[in-house]
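Each chain gets a letter, A, B and so on, in the order the sequences are listed, and its residues count up from 1.
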4 protein chains.
Amino acid sequence: MKKNKPKYKLIIDAAVEVIAENGYHASQVSKIAKKAGVADGTIYLYFKNKEDILVSVFEEKMGQFIEQIVSATSEKEDANKKLLTLIEMHFRQLAEDHYLAIVTQLELRQSNIDLRLQINNVLKPYLVVIDEIIKEGIEQKLFRDDLNRKLVRQMIFGTLDETVTNWVMKDEKYDLVSLAPSVHALITNGLSVK
Amino acid sequence: MKKNKPKYKLIIDAAVEVIAENGYHASQVSKIAKKAGVADGTIYLYFKNKEDILVSVFEEKMGQFIEQIVSATSEKEDANKKLLTLIEMHFRQLAEDHYLAIVTQLELRQSNIDLRLQINNVLKPYLVVIDEIIKEGIEQKLFRDDLNRKLVRQMIFGTLDETVTNWVMKDEKYDLVSLAPSVHALITNGLSVK
Amino acid sequence: MKKNKPKYKLIIDAAVEVIAENGYHASQVSKIAKKAGVADGTIYLYFKNKEDILVSVFEEKMGQFIEQIVSATSEKEDANKKLLTLIEMHFRQLAEDHYLAIVTQLELRQSNIDLRLQINNVLKPYLVVIDEIIKEGIEQKLFRDDLNRKLVRQMIFGTLDETVTNWVMKDEKYDLVSLAPSVHALITNGLSVK
Amino acid sequence: MKKNKPKYKLIIDAAVEVIAENGYHASQVSKIAKKAGVADGTIYLYFKNKEDILVSVFEEKMGQFIEQIVSATSEKEDANKKLLTLIEMHFRQLAEDHYLAIVTQLELRQSNIDLRLQINNVLKPYLVVIDEIIKEGIEQKLFRDDLNRKLVRQMIFGTLDETVTNWVMKDEKYDLVSLAPSVHALITNGLSVK
DNA sequence: AATGAATGAGGCTTCATTCAT
DNA sequence: CATGAATGAAGCCTCATTCAT
């Protein structure tokens, strides 16, 4: 399996750095190869083409990202705590990996639609995690049972994504993780005075 | 002022169609010129460069978009009704203009970061509108007064944007506008059982 | 029509020279552009791709080649004289255009099969000319009427082609045109003592 | 001597198949190695470079080809019968080996001129055989004694080669070997009514 | 003001060959 | 002898922009 070969990870990590530093469109294969310390041709022993590098970057990094969240949320008992944990982990992981934040929030969105559809596939497991928390919350009678669950998921993901993108675009000047409780409160309690 | 010359609008409209039909990366200047019925060189009498076309597209279309929303919300009395109207108008305008929906939700996001920063500037007035509704809601004691307003704005915009993008990516197969009340309820009342 | 534009001919002629001087595989598009005195990109205003240049080279040059032969043979009365004229013209035209001889006999044969099939299409009118001379010769009772005409055509073309190729490969050291009567005699009278 | 080692022949045969199946330009060394069941590097223990494989292919196959013809013609008594036998054997061997026919008539001609000059060297013994038959025919007073023998050889080889190439390009749809007597008659008796 | 022919920089990918094991 | 992972040079083509008319 190619993913276990040492150069595979080398190239993936180089790609993240190069994309974060140069931007998506200025990320030539030759730049990635140089940063990874391999020949240009070597890239093509591990990846079908340039797009395959990018999809793989997302798969690898997003895979770990989601795994961390799944693992952390599964330890919590109720849906409310799970949701808070999900938000915290979402923010924390991106706050801790500057390159990853830039790549996922800004650069990979410049890819063409085909690639974006593939990226969406990678994201699906994350959306499933959110779905399950919503379902659990309803079962536990913590969340209202008249909810359009798909809409709820879109609200949660849209809110987190927009929050992180704003933070990245503001050069990460404030503490993202500390926003988690407020975001959680907003999502669960809404705007209205009770 | 160039914007009043007849070919300016011709080119802008051609650009929207070309981008919607071909996708951002397959939208060459020559294609836009052809669709507009002008020579390639003529484009450069009205626009500094290709990026300027795209920014202008966004400015023109987004300007109208926001104007409609401002006008519609100003007629409503309280912040709750204003927010519902904003959501409805946001959804309706994109639902009614297929090309605009594709261009704003999918294609223009493939532009490079510089362009995206300019697009963000164009978006600012819309964010201000949201801000003002929030402020008004707090003053009218409809919304809680312990809110991080910037966060609220990100939640609102992130939720709407994610909802529309999902709808576009699902080929606009369901009725977007009819989702407005549910989205409004979610945002104002949150997930939790009261 | 592109063929009437001055740069079209310029590029075709440059291509013949470049191919003759450098060989088929070392004939980069950029070399042809340089020799033609145009930018690389200009080539693509007149030709679809590199292969299109090569097919066009063959079409243009072979078109003239065949036209000359048709015109010269049509003035002759009987099939024997027509055949002699065809052989002479075939030899003379290649003997007079060193570049053309190299390109048709040696370089274009290195092209891939798709291109060769297209080249064969261009050659068809020439084969038709040969066919008609054979037919006429039979009608005039100059040639035997028990001939497999396709085979005769292959013999004639194969003999001429092999003769020219040998001459080119021997660096055109002897007079090709003066061989015409002998070749004609061979073809019409065969090897055998009568 | 390397030629006696088992892998030498293995590689030669693999090369013929790969070239016949994929075409000259799509015949990578790695494909030949795979078909031969050896590592890429092993090829270079037996051959200097890729061109050396191709020359060797031609040497080996053409060597057998010529040997068969020499052996068969030497049993015949007069030059006429020898020539007929040569034509029959030429056709038969290619008709019986589909791969060889494609490789010699179509694919190897795409090689560059250096390689083609080497291939011509390999062909020389065949041309010598033809020369000797012509000479014998003249001595036996079967053929005219005013012949330009080099020209005759070119006619014979050109005719056979063109006939076979046409047959290969027509997907070998008709019986090549049965054409031998007609070709022989054409060459010996010519076109003219006696 | 309008044209559109011409420009030319720039990057992904292939594949013959090498060499450490 | 044999392997096969790694190398890295090399070229076709696109398309935003210009400028002579």
- Message: Over 60° means perpendicular and under 30° means parallel, so tell me whether C:Tyr8 and C:Tyr46 are parallel, tilted or perpendicular.
- Response: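 C:Tyr8 vs C:Tyr46 ring planes: tilted.
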Side-chain H-bond candidate by donor/acceptor type, [X] with [Y], under 3.5 Å:
{"X": "B:Gln105", "Y": "B:Asp161", "value": "yes"}
{"X": "A:Gln118", "Y": "A:Glu59", "value": "no"}
{"X": "B:Glu21", "Y": "B:Tyr99", "value": "yes"}

Interatomic distance where [atom1] belongs to [X] and [atom2] belongs to [N] [whole Å]:
{"X": "A:Asn22", "N": "E:dG10", "atom1": "CG", "atom2": "P", "result": "15 Å"}
{"X": "A:Ile53", "N": "E:dG11", "atom1": "CD1", "atom2": "C1'", "result": "12 Å"}
{"X": "A:Lys34", "N": "E:dG11", "atom1": "NZ", "atom2": "P", "result": "13 Å"}
{"X": "A:Asp52", "N": "E:dT13", "atom1": "CG", "atom2": "P", "result": "10 Å"}
{"X": "B:Tyr8", "N": "E:dA1", "atom1": "OH", "atom2": "P", "result": "15 Å"}
{"X": "C:Ile43", "N": "F:dT14", "atom1": "CD1", "atom2": "P", "result": "13 Å"}

- Run the salt-bridge test on B:Lys61 and B:Asp13 with the 4.0 Å N-O cut-off and return the result as yes or no.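 Here B:Lys61 pairs with B:Asp13 in a salt bridge, since their nearest N and O are under 4.0 Å apart.
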- Nearest-neighbour nucleotide for the B:Val38 side chain, E:dT3, E:dG8, F:dT3 considered: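 From the listed options, E:dT3 comes nearest.
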- Looking at B:Ala14 and B:Lys35, what are the two nearest heavy atoms and their distance?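 For B:Ala14 versus B:Lys35, the nearest heavy atoms are CB-CG, 3.7 Å.
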- Task: List the atom of A:Val16, the atom of A:Leu100, and the distance in Å for their closest heavy-atom pair.
- Result: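 Closest approach of A:Val16 to A:Leu100, heavy atoms only: CG1-N, 4.4 Å.
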- Task: Could you tell me whether the side chain of B:Val29 reaches within less than 4.5 Å of the side chain of B:Tyr44, counting heavy atoms only?
- Result: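 In contact.
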- For each nucleotide in nucleotides 14-21 of chain E, reading 5' to 3', give B when a protein heavy atom comes within less than 4.0 Å of its base, S when such contact involves only the sugar-phosphate, and - otherwise. BSSBB---
- For DNA chain E, write out the stems as range with range, using runs of 3 or more consecutive Watson-Crick or G-U pairs with both distances under 3.5 Å.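 Detected stem regions: E:2-21 with F:2-21.
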- For C:Glu51, look at atom CD and say whether over 12 heavy atoms of other residues, nucleotides or ligands are found less than 6.0 Å away.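 Counting neighbours around CD of C:Glu51, more than 12 heavy atoms of other residues, nucleotides or ligands fall under 6.0 Å, so yes.
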- Query: So, is D:Tyr46 near the phosphate of F:dA2, with a side-chain N or O under 4.0 Å from OP1 or OP2?
  - Reply: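 Yes, because at least one side-chain N or O of D:Tyr46 sits under 4.0 Å from OP1 or OP2 of F:dA2.
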- Message: Any base atoms under 4.0 Å from D:Lys7, or only sugar-phosphate, or nothing? Heavy atoms, all strands.
- Response: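 Sugar-phosphate only.
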